[in-house]
Amino acid sequence: MSTATDLDRPAAAPAFQQVSTNRKTRNRIATGLVWTAFTAALLPLVWLLITVLARGFEYVLTADWWQKSFAGLTSRQFGGGVYHAIVGTLLQGLICAIIAVPIAILVAIYLVEYGKNSRLASAVTFTVDILSGVPSIVAALFIYALWVTTLGMPRSAFAVSLALVLLMIPVVVRTTEELLKIVPDELREAAYALGIPKWKTIVKIVIPTALSGIITGISLAIARVMGETAPVLILVGYNSFINYDPFAGSMASLPLLMNSERLTTNDVGEARVWGAAVTLILIITLFNLLGSLISRATSLKTK
Amino acid sequence: MAKRIDVKDLNLYYGKFHAVDQVSLAVPPHSVTAFIGPSGCGKSTVLRSLNRMHEVIPGARAEGKVLLDGEDIYASTVDPVSVRRTIGMVFQRPNPFPTMSIRDNVVAGLRLAGEKNKGKLDEVAEQALRGANLWAEVKDRLAKPGGGLSGGQQQRLCIARAIAVRPDVLLMDEPCSALDPISTLAIEDLIGELKKDYTIVIVTHNMQQAARVSDQCAFFNLAGVGQPGRLIELDDTEKIFSNPGQKATEDYISGRFG
């Protein structure tokens, strides 16, 4: 019995056309452009990482590097470590975060939950936009003028933190604002309909829903301000000893250490600068990883 | 306990837009009242004004009286939060709190009102879930997130959440429009049972549903785009669907317009 019936033959010419050459070409060009842009963006980054790691990685491999300062060492002696600068960077970043994060989150809550389209809210948004465009040196000089010149306080790590606060607030406000905006209004309404007051809705429903993103935003912002250089150059002195007091005395930090050891024009200086650069990159990476870990732990689950 | 609602000369606005004009109606306790009508006729707006959710939208305001067992919920001394605690609401799209487990979703209203006793919360959670016909399906996974349930289960979770605060009235804004027929049936059965304990007002676009679940039916209509919505007719469901008093109602339910 023959099974080759009419059904096996196409009844008519195919109704669909092939992808036109014109579209294929355009697709290829666009793909090429995207890849070129991607490479152009990535290349400097990879280059920088390789250079820094190649020149500095060997110095951070000793235990002393992470536990000791340069105290008692001259600029011709190898050895010692950057513990004093790590302490400074972390302390300044932490104090900055403690001051900036609550302010920024409250501002974002006001903008999204209360201000909406009010005139004050648009004024605040405008100010935050301007603040986010302020160069770090301007923030540093402003704090110098306010804290040191006007109020007569000494230069200190705390002054650095204050300048960093100015740089951190707009970043955290922006990210928190965006995240609160994407929390659906339906959740707010569901809470109101249960007789939950507005402030409790914000604290217990809205913020927890956006929390994982907010934490990521904060950790990125901390990582960013820890690498800021202008405030530490202007607002605190360098010293090679360990100083835990943010209100008195000079305090090293990794960017500041790099800048002062840069002037040591021998192998020792070079080792210290590249080593500090690797250390700073590692610490910032660690912060970003920590942020994404916490955000994964707090992210919304459906299973 | 179920209470009666009397709406008197209610006018609702969104900013300058007059959305609902002069609505007066009465909802007896332990009954199901369905609001039907074409889109934009203001039935959801009226529903939301019954527990002061209307004013949550910026610029929205209400004029007139809504009496719950004789007490005006729009009186100047009344706290809208306490009104919403007394008059619960279920929304069109299921909206469980994504950060909370199934159990925590159900007791969210009580817990955020300050109830801390874990034993009591567990008891309320079970009662409410049983009341919403969901207990058997979720009793083994109360600690799992509410977002993992199916759409119909999520909607019943939202009903459980609404009845867990023991309201007197339950408002439902097209509770089945995002659900499949089987889940819809489950919710309709549930509405029939909930009538024993609550006064229920439901907005629906589905006229068969209105005919199936409601005791009385309110038909809303609007004269044209940009015109305020009006209550055309309120009567027993049987009468509305067999022998309505107004021509517009008959046209609408027989499918001649809308």
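Letters go in sequence order (proteins before strands), and every chain restarts at 1.
Neither the backbone nor the side chain of B/Arg52 has a heavy atom closer than 4.5 Å to any heavy atom of chain A. Using a 4.5 Å cut-off between heavy atoms, B/Phe97 touches chain A through backbone and side chain atoms alike.
By the neighbour-count criterion of 12 heavy atoms within 6.0 Å, atom CZ of B/Arg166 is sparsely surrounded, having that number or fewer from other residues, nucleotides or ligands. Other residues, nucleotides and ligands place more than 12 heavy atoms under 6.0 Å from the CH2 atom of A/Trp66. Heavy atoms of other residues, nucleotides or ligands lying less than 6.0 angstrom from NZ of A/Lys200 number more than 12. Within 6.0 Å of CZ in A/Arg296 there are 12 or fewer heavy atoms belonging to other residues, nucleotides or ligands. Counting non-hydrogen atoms of neighbouring residues, nucleotides and ligands closer than 6.0 angstrom, the CD atom of B/Glu115 exceeds 12 such neighbours. Annotation: B/Ile182, atom CD1; neighbour count of heavy atoms from other residues, nucleotides and ligands within 6.0 Å does not exceed 12.
Atom CG of B/Asn95 is separated from atom CG of A/Asp185 by 11.0 Å, given to the nearest 0.5 angstrom. Residue A/Glu189 holds its CD atom at 6.0 Å from CD1 of B/Ile57, rounded to the nearest 0.5 Å.
By a heavy-atom distance cut of under 4.5 Å, not one residue of residues 86-109 of chain A is near chain B. Within residues 75-87 of chain B, the residues having any heavy atom under 4.5 Å from a heavy atom of chain A are, by residue number, B/Val81, B/Arg84, B/Arg85, B/Ile87. Residues of residues 203-214 of chain A lying under 4.5 angstrom from chain B, judged on non-hydrogen atoms, are A/Lys204, A/Ile205, A/Pro208, A/Thr209 in numerical order.
In plain terms, the two heavy atoms of A/Ala193 and B/Met89 that are nearest each other are CB-CB, 3.7 Å. Taking every heavy atom of both residues into account, A/Ile196 and B/Gly109 meet most closely at CD1-CA, 4.3 Å.
The choice from B/Pro98, B/Ala162, B/Gly88, B/Ala164 that makes the most heavy-atom pairs within less than 4.5 Å of chain A is B/Pro98.
With contacts defined as side-chain heavy-atom distances shorter than 4.5 Å, the pair B/Phe91/A/Glu186 does not qualify.
When the salt bridge (charged side-chain N to carboxylate O under 4.0 Å, His left out) test is applied to B/Glu123, no partner is found at least two apart in sequence or on another chain.
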